[in-house]
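Take a look at the structure set out below.
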Amino acid sequence: DNGGTYIHNNTGAFGTTIFQGTESFASNSTVEFKDWNTTGPSVIAWGNVKFNATGAVSGSLQLSGNMTTINGNLDVVATGSPTVREVRFAAGTAPTVTIAGNYTQTAGTVNLASTSGSSVTTLNVAGNFAVNGGTFTSTSTGSKLVLNGITSQTLTNSGTISSINFEVNNSIGSVSLLSNVSFSSLTINSGSILNINAGKQLTVSGTLTNNAGVSGLVLKSDATGTASLINSTASVSATVERYITQYSSPTNGWRLVSSPVGTTAIGNFLPGTNDDFYGYDEANNLWLNYKVSPFGFTNGLGYLSAYETSATKSFSGALNTADITFTNQSLTPAKGNGWHLLGNPYASAIKWNDGSWALSNVSATAKLLNGGGSYTDLADNDIIPAMQGFFVKVSDATNSITIPASARTHSTTTNILNKASQQEKLVLKASSIGNSTYVESTVKTNANATNGFDADYDANFLAGMYGAPQLYSIITNN
C-alpha cells in the first residue's frame with residue numbers, strides 16, 4: 001500500500017515470514033523493524049525503512065548485502081538491547097546501498113562493515129544525512145558514505161560518526177556540514193561543492209582529495225564564527241573565508257590577519273579608499289602601506305588591516321599543512337627592537353608554544369591585538385585563532401622560530417584571546433577616559449624565575465594603537 005506501514009515484530013527467520021524476495025513495497029510505504037532474526041531479509045526494493053527495536057533482540061541484524069535499494073527514507077530510532085546491537089549492511093558481500101531520501105539516526109548503532117570486518121559498504125544518500133544520536137561507524141577501513149543528491153544536501157552530527165570515508169558527489173547543488181565531524185578520508189568529486197558552515201569543525205585523519213578546485217571546498221565565515229579544518233594532505237585547493245567587522249573609531253577596528261594558503265595576491269582584501277592594509281618592517285620600525293607599494297600575502301606573516309564596512313573576505317589557493325620556519329629575523333635597536341609580525345598559517349587555530357614549537361632566541365611570550373587597541377600576552381597553550389596575526393620578539397640576531405602543524409587545534413575563538421592557561425595571576429588593567437582603549441599588565445609567580453629579566457617567563461612591553469594607555473614595569477633598564 002503506497003503510504004501504508006508494516007511493523008515487523010517477530011524473531012522468526014525472515015525467509016519463513018513475509019520476506020521471500022518477491023515482495024513489492026511502494027516508495028511511500030514504510031516497513032518498521034521492531035524485532036528481528038539476526039539474518040536479514042532477501043533482496044527486494046523498499047519504500048521507507050525504520051529500525052526501531054526499543055527492547056531486547058537476539059543479536060545484531062545482519063542484512064548480508066540484501067538491503068540495497070531504499071526508495072524513501074531510512075530512519076534509525078533504536079537497534080535493540082540488552083547489549084550493544086547493531087544494524088550491519090554487509091556480510092560476505094560488499095554492497096552498495098542507495099537511499100533515495102534522507103538518512104536520519106537518533107539512537108542505536110549502524111555499522112557499515114560485516115561482523116568479520118572483511119566486507120564493507122558504500123552508502124549512497126540522495127537526501128540529507130543526520131546522526132542526531134547513536135553511532136554511525138565502520139569496523140573496516142573501506143566503508144564509505146556518499147552524498148550524491150541532485151539538490152543541495154546537509155550533513156548534521158550530534159551523535160558519533162567514526163571511521164567513515166566521506167565522498168561528495170553532488171554536481172547540481174552543494175553539500176553543507178552543519179555540525180562538527182571527523183572522517184577517515186574525504187573526496188570531493190569534480191563539479192561538487194562542500195561547504196563547512198561558519199563555526200563548524202572538520203577533521204580528516206587520512207587523505208583529503210579535492211577534484212573540484214578552490215570552489216569545491218569552502219570554509220565559511222560570518223559574524224557568528226569561522227569554519228575550521230585540520231587535515232594532513234598537502235596542497236589541497238580551497239576557499240577560506242574570514243569575516244571582518246568594520247572599524248568604529250581610529251583605535252577600534254584594527255585586525256591582524258594572516259593567510260592559510262600559500263603565497264598569494266591580496267585578492268578581495270584589497271583596501272578601498274577609506275580602508276587600510278599594512279605589512280610591518282622591523283628594520284625600520286615602519287608600517288608598510290599597501291596603497292603606496294602593493295604586496296601580497298606570505299604564508300606565516302601577519303598584516304594589519306581596517307575596513308570601513310563589515311564584510312566577508314576570502315583566501316583561495318592551496319591550504320598549508322606544513323611547518324613554517326623563520327630564521328635570523330632582524331634585530332634592530334632603536335627601531336623595531338626585534339618585534340616581528342607573524343601569522344597563523346593554517347585553516348584552524350593553533351596553540352602557542354604548546355611544547356611542539358621550536359623557539360631559539362625568541363621570547364616565550366607572544367602578543368595578540370585585543371579589542372582595547374593594545375596587546376595581550378599569550379602564555380603557553382593559549383589560542384591563536386585561524387587567520388590571526390601575532391607579534392613575537394627575537395633577542396639575538398641569530399634566531400629561529402618554527403610554527404608547527406602539530407599545534408593545530410579546533411577553537412571557536414575568532415579575533416579575541418581565549419585563555420587556555422590556568423596559571424594563577426594578577427591582571428592589572430588601565431582604561432582610557434577619552435576613548436574605549438585599555439592596556440593590561442600581568443603579574444605571575446614562578447619558582448624558577450630570577451630577579452632579572454627571564455626570556456622564558458617575562459614579556460617585553462609592546463605599545464598599542466595611538467591613543468591607547470601604556471602600563472609596564474622596569475627591570476634593570478629593561
Side-chain angles (χ1 to χ4, degrees), residues 131 135-137 154-166 168 175-186 188 194-208 210 217-234 236 238-244 256-261 299-300 312 314-315 319-324 343-357 366 368 378-390 403-422:
V131 177
T135 299
F136 181 81
T137 188
T154 61
L155 186 149
T156 305
N157 174 42
S158 53
T160 300
I161 298 177
S162 65
S163 304
I164 295 294
N165 302 298
F166 181 44
V168 180
V175 173
S176 296
L177 300 184
L178 306 185
S179 305
N180 302 338
V181 65
S182 297
F183 291 113
S184 297
S185 71
L186 169 63
I188 304 169
L194 176 64
N195 296 316
I196 308 174
N197 275 23
K200 306 309 176 186
Q201 303 163 0
L202 172 62
T203 301
V204 181
S205 58
T207 301
L208 196 167
N210 178 15
L217 176 58
V218 182
L219 281 66
K220 307 294 288 183
S221 180
D222 59 26
T224 67
T226 296
S228 177
L229 170 65
I230 296 177
N231 79 288
S232 58
T233 304
V236 173
T239 296
V240 186
E241 297 180 352
R242 175 169 173 180
Y243 180 83
I244 297 181
L256 298 181
V257 300
S258 61
S259 171
V261 302
N299 202 221
T312 298
S314 64
F315 301 91
L319 295 175
N320 179 57
T321 57
D323 297 350
I324 298 292
N344 180 347
Y346 307 111
S348 70
I350 52 177
K351 291 184 178 181
W352 163 254
N353 204 21
D354 66 343
S356 61
W357 292 63
L368 199 66
L378 286 169
D380 294 353
N381 291 300
D382 279 340
I383 296 296
I384 301 174
M387 294 167 283
Q388 177 72 51
F390 59 96
I403 308 172
S406 59
R408 290 177 295 172
T409 187
H410 291 303
S411 174
T412 56
T413 302
T414 52
N415 296 316
I416 60 173
L417 181 66
N418 177 27
K419 281 291 186 183
S421 55
Q422 299 298 317

Checklist outcome for this item: In terms of heavy-atom contacts, Ser348 and Leu229 come closest through CB-O, 3.7 Å
Checklist entry - Does the pair Ser162 and Thr137 meet the rule for a side chain to side chain donor-acceptor pair (under 3.5 Å), with working shown? => result CA-CA 5 Å; Ser162 65; Thr137 188; 2.9 Å; yes
Anything under 3.5 Å between a donor and an acceptor, one on a side chain of residues 197-204, the other on a protein residue two or more places apart or in another chain? List them.
| residue | atom | partner | partner atom | Å |
| --- | --- | --- | --- | --- |
| Thr203 | OG1 | His410 | NE2 | 2.7 |

Checklist entry - Considering only heavy atoms from C-beta outward, does the side chain of Ile244 approach that of Val257 to under 4.5 Å? => result yes
Item to check | Distance in Å, Leu217 CG paired with Leu208 CG, rounded so as to fall on 0.5 Å steps | outcome: 6.5 Å
Checklist entry - Of Ile196, Thr156, Leu155, which is the lone residue that meets side chain to side chain contact (heavy atoms under 4.5 Å, CB included) with Leu178? => result Thr156
Checklist outcome for this item: d(Leu219 CG, Leu194 CG) to nearest 0.5 Å is 8.5 Å
Next on the checklist: I'd like to know if the side chain of Trp352 and the backbone of Trp357 have a donor-acceptor N/O pair within less than 3.5 Å.
Outcome noted: no
Checklist outcome for this item: Here the gap from Ser406 atom OG to Lys351 atom NZ, rounded to the nearest 0.5 Å, amounts to 11.0 Å
Checklist entry - Nearest heavy-atom pair of Thr321 and Ala234: which atoms, and what distance? => result OG1-CA, 3.6 Å
Item to check | Residues which pass side chain to side chain donor-acceptor pair (under 3.5 Å) with Ser221, listed by chain and number, not counting sequence neighbours | outcome: Thr226
Item to check | Heavy-atom pair of closest approach, residues Phe390 and Ala366 | outcome: CD1-CB, 4.2 Å
Checklist entry - Quick one: side chain to side chain donor-acceptor pair (under 3.5 Å) partners of Ser185, sequence neighbours excluded? => result Asn165
Next on the checklist: Under the rule for side chain to side chain donor-acceptor pair (under 3.5 Å), what residues qualify as partners of Asp354, not counting sequence neighbours?
Outcome noted: Ser356
Next on the checklist: How close do Ala386 and Ala347 get, counting heavy atoms only, and between which atoms?
Outcome noted: CB-C, 4.1 Å
Checklist entry - Should Val240 and Leu319 count as side-chain neighbours, where that means a heavy-atom distance under 4.5 Å? => result yes
Next on the checklist: According to ring-ring contact (aromatic ring centres under 6.0 Å, His included), who are the partners of Phe166, at least two apart in sequence or on a separate chain?
Outcome noted: Phe183
Item to check | Whether Asp323 side chain and Ala405 backbone form a donor-acceptor pair below 3.5 Å | outcome: yes
Item to check | Backbone of Ser259 reached by a side-chain donor or acceptor of Arg242 within 3.5 Å | outcome: no
Item to check | Considering all heavy atoms, the nearest Ile383-Ala349 contact | outcome: CG2-CB, 4.0 Å
Checklist entry - Asn344 side chain to Ile384 main-chain N or O, any donor-acceptor pair under 3.5 Å? => result yes
Item to check | Under the side chain to side chain donor-acceptor pair (under 3.5 Å) test, residues paired with Asp222 that sit two or more places apart | outcome: Thr224
Checklist entry - About how many Å separate OH of Tyr346 and CD1 of Ile403, when rounded to the nearest 0.5 Å? => result 6.5 Å
Item to check | Atom of Thr160, atom of Val131 and distance for their closest heavy-atom approach | outcome: N-CG1, 4.0 Å
